[in-house]
Amino acid sequence: MSELTLLLIRLAFLAALWFFVIAAVGVIRTDLFGPRTAPAPARKPAKVVKPPSRAKKGDPRQLIVTGGPLQGTIINLTETPITIGRANDATLVLSDDYASSRHARLFPQDGQWIVEDLGSTNGTFLERSKVTRPTPVPLGVPIRIGKTVIELRK
């Protein structure tokens with residue numbers, strides 16, 4: 001092989017190596033600090049008057065941990081979103097190596113609860129399907145985050 005060919009192969013290998021290092025640093029940064037989000041444009045919020053919410057007979061009232069180290073933990077559902085992850089400020093703090101610091105969140109919307117993956121490394125699963133966008137959660141359907149399994153119950 002000629003010197004030029006060897007030089008080009010070395011440069012291509014070096015570029016591939018740097019690409020791998022930069023990608024690995026990006027994954028670690030996302031896991032530690034969460035995904036990057038573009039700042040929202042500043043605008044004046046519109047006044048929205050909500051009628052007082054009352055729990056209907058079939059609405060979920062509790063989030064129950066049914067599997068994993070926190071099995072038996074119960075969180076009463078209110079109108080506030082529930083964050084799940086390893087971060088100390090999460091509503092449900094998981095000590096699981098497969099959970100990201102800000103892994104997922106559950107929030108009420110239009111009378112139902114929605115689960116959203118927050119860009120976690122290992123994913124959030126509703127029953128056996130990976131959550132890729134905000135998805136409604138039916139009563140009793142398991143949500144798996146790492147080794148932890150949670151369900152909405154009455």
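Worth knowing before you read on, the calculation uses all heavy atoms, side chains too, and leaves out hydrogens, waters and symmetry mates.
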Undergrad: Would you say V65 ends up clustered with L152 if hydrophobic residues are merged whenever their side chains have heavy atoms under 4.5 Å apart, either directly or through other cluster members?
TA: yes
Undergrad: Nearest 0.5 Å please: distance from the CG atom of D96 over to the CG atom of L70.
TA: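 Between atom CG of D96 and atom CG of L70 there are 9.0 Å.
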Undergrad: Are V141 and I75 joined in one hydrophobic group, where the rule is that I, L, V, M, F, W and Y side chains link up if heavy atoms are under 4.5 Å apart?
TA: yes
Undergrad: Quick check for you: to the nearest 0.5 Å, what is the distance between T135 atom OG1 and E127 atom CD?
TA: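 If I round to the nearest 0.5 Å, the distance is 12.5 Å.
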Undergrad: Taking the side chain as C-beta and beyond, is there a heavy-atom pair between L106 and I143 under 4.5 Å?
TA: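 Yes. Closest side-chain heavy atoms under 4.5 Å.
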Undergrad: I want to check something: taking the side chain as every heavy atom from C-beta on, are T148 and H103 in contact at a cut-off of under 4.5 Å?
TA: no
Undergrad: By side chain to side chain contact (heavy atoms under 4.5 Å, CB included), which residues pair with A104, not counting sequence neighbours?
TA: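 Applying side chain to side chain contact (heavy atoms under 4.5 Å, CB included) to A104 gives T124, I145.
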Undergrad: So how far is it from R105 CZ to W113 CH2, rounded to the nearest 0.5 Å?
TA: 10.5 Å
Undergrad: How close do A90 and T83 get, heavy atom to heavy atom, and via which atoms?
TA: CA-OG1, 3.3 Å
Undergrad: In Å, rounded to the nearest 0.5 Å, how long is the span from OG of S100 to CZ of R86?
TA: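 Going from OG on S100 over to CZ on R86, the span is 6.5 Å.
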Undergrad: Report yes if some heavy atom in the side chain of I64 is under 4.5 Å from a heavy atom in the side chain of T73; otherwise report no.
TA: no
Undergrad: Please report the shortest heavy-atom distance between E151 and P142, naming the atom on each side.
TA: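 It is CG-CA, 3.8 Å.
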Undergrad: Okay, side chain of N122, backbone of Y98: is any donor-acceptor separation there less than 3.5 Å?
TA: yes
Undergrad: Do the non-hydrogen side-chain atoms of I82 and L77 ever get within less than 4.5 Å of each other?
TA: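 I82 reaches L77 side chain to side chain.
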Undergrad: Provide the closest heavy-atom pair for G119 versus T30 in the form atom of the first, atom of the second, distance.
TA: O-CG2, 4.0 Å
Undergrad: Kindly give the heavy-atom pair with the smallest separation between I114 and Q109, and that separation in Å.
TA: CG1-OE1, 3.7 Å
Undergrad: One thing to verify: whether K147 and D97 come together as a salt bridge, which I'm taking to mean a side-chain N less than 4.0 angstrom from a carboxylate O.
TA: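 Answer for the salt bridge query: no.
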Undergrad: Between A87 and R102, what is the shortest heavy-atom contact and its length?
TA: CB-NH1, 3.5 Å
Undergrad: Same cluster for F107 and L92 if Ile/Leu/Val/Met/Phe/Trp/Tyr side chains link at under 4.5 Å?
TA: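 F107 and L92: separate clusters.
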Undergrad: Atom CD1 in I150, atom CD1 in I74: separation rounded to 0.5 Å?
TA: 13.0 Å
Undergrad: Looking at V137 and L126, what are the two nearest heavy atoms and their distance?
TA: CG1-CD1, 4.1 Å
Undergrad: Suppose we screen for salt bridge (Lys or Arg N to Asp or Glu O under 4.0 Å). Which residues come up paired with D110, at least two apart in sequence or across chains?
TA: none
Undergrad: Hey, could you give me each pair passing salt bridge (Lys or Arg N to Asp or Glu O under 4.0 Å) that has a residue in residues 131-146? Not counting sequence neighbours.
TA: none
Undergrad: Can you tell me if CG on N88 sees more than 12 non-hydrogen neighbours from other groups inside 6.0 Å?
TA: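 Atom CG in N88 is not packed in, count stays at 12 or less.
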